[in-house]
**Q** 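I'd like to ask you about the structure that follows.
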Amino acid sequence: DKGNHRHFMEKEIHEQPEVVSHALAHYVDLGNHTVDPAATGLIDFASLRGLAISACGTAYLSGLIGKYWFERYARLPVEIDVASEFRYREIPLSADQAALFISQSGETADTLASLRYCHSAGLKIGAIVNVKESTIARESDAIFPILAGPEIGVASTKAFTCQLTVLASLAIAAGRARGTISEAEEKQLIKSLAEMPRLMNAVLNAIEPQIEALARELSRYKDVLYLGRGTSYPLAMEGALKLKEISYIHAEGYAAGELKHGPIALIDENMPVIVIAPHDRFFEKTVSNMQEVAARGGKIIFVTDEKGAAASKLPTMATITLPTVAEIVSPMIYSLPIQLLAYHTAVFMGTDVDQPRNLAKSVTVE
Ligand code: M6R
């Protein structure tokens with residue numbers, strides 16, 4: 001049931017404040033601002049030498065953001081790849097590593113094959129899934145449900161932000177178990193995560209009219225480039241994936257620093273560049289990449305926060321200004337303009353948003 005929404009995707013985008021709060025309540029103790037040992041302790045992070053993560057599509061991109069978190073907060077090296085490559089790379093694996101598989105459906109064939117590969121190498125297997133009765137969940141040692149509720153739209157939205165919520169909680173738990181973050185840091189991080197549902201609500205209410213107008217303009221272009229640095233880099237790839245799968249506009253996500261190693265040759269007035277840049281420790285660097293775009297007549301859609309908007313004087317096609325948020329929640333908050341922009345562009349173009357051509361919700365062939 002779509003309720004009063006035109007598409008499941010629209011409904012699922014708007015459900016995010018509620019579902020991420022369910023996910024969060026499962027993994028953290030919101031009264032004491034600590035991780036919940038029962039929910040996060042199914043993997044013994046303290047004794048691990050490394051973590052391997054494998055998934056496909058949007059689930060892979062959430063894993064990529066998870067890698068930044070596990071490495072930063074838990075000093076735990078993460079090996080990550082798309083499942084269709086992971087299983088053929090003959091990665092040297094050992095039993096002092098654990099493996100995490102991320103899948104909304106829990107049925108993705110390549111992800112399942114990677115899981116079986118890791119299982120035969122003797123690794124402890126964890127699954128971050130939405131469907132708890134799925135094959136991937138059944139074949140895992142530890143199940144981490146994302147609690148997003150059924151996701152019907154082919155384009156993954158709420159599953160992504162719930163996967164991120166689970167990964168952030170696990171990275172904090174791993175940091176505590178490994179002694180790489182203090183009790184005070186844990187409290188601070190969890191307080192920041194607790195702000196997420198309220199912030200998401202505020203952002204959804206604030207930006208949708210602006211995004212709708214912008215989508216109308218974006219629908220006139222054939223190619224779009226997304227740039228980001230740090231955890232905004234996987235988000236840039238997620239933005240490009242979302243746009244191409246439902247609007248059929250060609251889009252690419254790049255690490256902002258890679259711009260001058262190739263894609264800058266494409267910049268002209270016909271290719272909008274969406275720059276995802278909260279005012280974080282990467283901001284100055286990303287703005288200098290943005291300058292390179294502006295200097296070549298590129299049209300910029302700047303997704304930033306109040307501080308970032310005030311700090312940059314570059315001309316833009318649009319600036320989407322979000323509230324200033326803690327670094328750990330920025331991927332979840334910045335997902336919202338990215339999803340809405342893809343959604344409204346597709347609606348404006350009249351494509352089948354919930355059932356885009358050539359795609360299936362669950363990919364059960366390799
Ligand atoms: O069910 P899974 O999470 O394993 O699915 C993985 C991908 O097929 C999926 O995320 C796909 O990329 C989405 N259509 C993206 O919106």
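When a ligand or atom number is given, it counts from 1 through the structure's own listing order.
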**Q** For residues S84 and E366, is any side-chain donor paired with an opposing acceptor at under 3.5 Å?
**A** no

**Q** Can you pull out the closest protein heavy atom to atom 3 (O) of ligand 1? Residue, atom name and distance to 0.1 Å, please.
**A** Q104 N, 2.6 Å

**Q** Check this for me: K307, atom NZ, are more than 12 non-hydrogen atoms of other residues, nucleotides or ligands nearer than 6.0 Å?
**A** no

**Q** Is S362 close enough to touch ligand 1? Criterion: a residue heavy atom under 4.0 Å from a ligand atom.
**A** no

**Q** Considering only heavy atoms, which of V154, T364, L359 lies nearest to atom 13 (C) of ligand 1?
**A** V154

**Q** If the plane angle is over 60° it's perpendicular, under 30° parallel, otherwise tilted; pick one for H14 and H5.
**A** parallel

**Q** How far is atom 16 (O) of ligand 1 from the closest protein heavy atom, and which atom is that?
**A** E245 OE2, 2.3 Å

**Q** Salt bridge between E12 and K158, side-chain N to carboxylate O under 4.0 Å?
**A** no

**Q** Can you see whether S94 engages D96 through a side-chain donor-acceptor pair at a distance of less than 3.5 angstrom?
**A** yes

**Q** In the protein, which heavy atom is nearest to atom 1 (O) of ligand 1, and how far is it?
**A** S105 OG, 2.7 Å

**Q** Within ligand 1, which atoms have a heavy atom of K242 less than 4.0 Å away?
**A** 15 (C), 16 (O)

**Q** Would you say the ring centers of H7 and Y343 fall short of 6.0 Å from each other?
**A** yes

**Q** Run the numbers for me: atoms of ligand 1, each under 4.0 Å from some heavy atom of S103, listed by number.
**A** 1 (O), 2 (P), 3 (O), 4 (O)

**Q** Name the closest protein heavy atom to atom 5 (O) of ligand 1, giving the residue it belongs to and the distance to 0.1 Å.
**A** T108 OG1, 3.6 Å

**Q** Check for a donor-acceptor pair, side chain of Y73 on one end and backbone N or O of Y68 on the other, with a separation under 3.5 Å.
**A** no

**Q** Between E15 and K11, is there a salt bridge with N-O shorter than 4.0 Å?
**A** yes

**Q** May I ask you to identify the nearest protein heavy atom to atom 7 (C) of ligand 1, giving residue, atom name and distance to one decimal place in Å?
**A** C56 O, 3.6 Å

**Q** Within the 4.0 Å heavy-atom shell around A155, which atoms of ligand 1 are there?
**A** 16 (O)

**Q** To the nearest 0.1 Å, how far is atom 8 (O) of ligand 1 from its closest protein heavy atom, and which atom is that?
**A** V363 CG2, 4.2 Å

**Q** Using the side chain to side chain donor-acceptor pair (under 3.5 Å) rule, pick out the option among K242, Q104, Q163 that qualifies with T58.
**A** K242

**Q** Considering I102, I136, T58, D110 one by one, which has a heavy atom nearer to atom 9 (C) of ligand 1 than any of the others?
**A** T58

**Q** Hey, does T111 come in under 3.5 Å of ligand 1, counting only N/O atoms on both sides?
**A** no

